[in-house]
Each structure stands twice: as structure tokens, then as C-alpha cells.
Amino acid sequence: FSNTVRASGVGIQVRQAEGTAYRQRVIANVVAAATPLQGGETKHNVSLPYQADALNAAFPELTARLLEDQPTPRLPDALMREQATYPGWVETSRPGAHVSPILLHTLEATWP
């Protein structure tokens with residue numbers, strides 16, 4: 001959940017293993033790809049066509065860049081409470097990745 005993906009092929013693909021007893025859910029992502037989502041239970045995702053021009057978007061601005069012409073739904077409060085139980089989740093009321101300042105600093109330090 002809460003990812004931003006830009007891919008020229010498949011954005012997010014979930015393959016269900018035979019006999020798996022748990023649900024595989026894909027929730028609250030922004031996916032710009034030729035085939036945005038395949039498999040799994042999907043809810044509250046924003047699926048967009050692949051956007052090659054987004055290659056020029058800076059990492060922390062990618063989600064906003066992909067959504068600039070899209071109405072983006074607000075995530076339900078119950079879903080936000082559920083996501084908040086996961087360690088390291090950064091609260092956001094909209095789909096897609098929200099980069100924490102600490103992670104952004106780490107990424108910028110290793111960026112070529």
C-alpha cells in the first residue's frame with residue numbers, strides 16, 4: 001500500500017501462490033504503467049497510462065506530478081487507521097507514496 005510506481009510494462013503484479021491462505025491486497029497506490037495493476041484485491045488505487053515524461057520528475061515530486069491532472073480520492077478514515085498499524089507508515093490521506101524527510105535525505109545522499 002501507499003506506493004507510487006511508474007513503469008513502461010506492468011506496474012504492480014500480484015501472483016497468487018497455490019494454496020495461499022492469506023489475502024493479497026493492493027491498496028492506495030498511484031500506478032502509471034502500460035498495465036497498471038494485475039492480480040490481488042485492489043482498492044483505492046489510481047491507475048494511469050505510462051508517462052515517459054515523468055522520468056524528469058524529482059523523486060519527492062513524482063506522486064504530485066503524476067496526479068496533477070487527476071481527481072485523487074481521499075482515503076477512507078478506516079483504511080488510514082488500518083495502515084497506521086504498520087511500522088514506518090507515513091500518514092497521507094491520498095493514494096501514493098509520501099516520502100518522509102529522513103528517507104528523502106538518505107535517497108538524496110546516494111543519488112548520482
Is the side chain of Asn45 donor-acceptor paired with the backbone N or O of Val26 at a distance under 3.5 Å, no angle test? yes
Nearest 0.5 angstrom please: Asp69 CG to Leu48 CG, how far? 10.0 Å
Same hydrophobic cluster for Ile27 and Leu75, using side-chain heavy-atom links shorter than 4.5 Å among ILVMFWY? yes
Which atom pair, heavy atoms only, marks the closest approach of Ser2 to Asn29? N-OD1, 3.4 Å
At what distance, to the nearest 0.5 angstrom, does OG1 of Thr85 lie from CD of Gln83? 8.5 Å
CD of Gln51 to CD of Glu68, rounded to nearest 0.5 Å, is 8.0 Å
Shortest non-hydrogen separation from Leu79 to His44 and the atoms involved: CD2-CD2, 3.7 Å
Main-chain N/O of Thr4 paired with Thr63 side-chain donor or acceptor, under 3.5 Å: no
Heavy atoms only: give me the nearest Arg6-Tyr50 pair and the separation to one decimal. CG-CE1, 4.0 Å
Rounded to the nearest 0.5 Å, what separates atom CD in Glu41 from atom CD in Gln16? 9.0 Å
Between CZ of Phe1 and CD of Glu82, what distance do you get to the nearest 0.5 Å? 8.0 Å
Minimum-distance pair of heavy atoms, taken over all atoms of Gly40 and Val14: N-CB, 3.8 Å
Report the distance from atom OG1 of Thr35 to atom CD of Gln13, rounding to the nearest 0.5 Å. 9.0 Å
Which atom pair, heavy atoms only, marks the closest approach of Ala34 to Ser8? CB-O, 3.1 Å
Leu66 and Val46: same hydrophobic cluster, using ILVMFWY side-chain contacts below 4.5 Å? yes
Considering all heavy atoms of both residues, which atom of Ala33 and which atom of Gly9 are nearest to each other, and what is their separation? CB-O, 3.5 Å
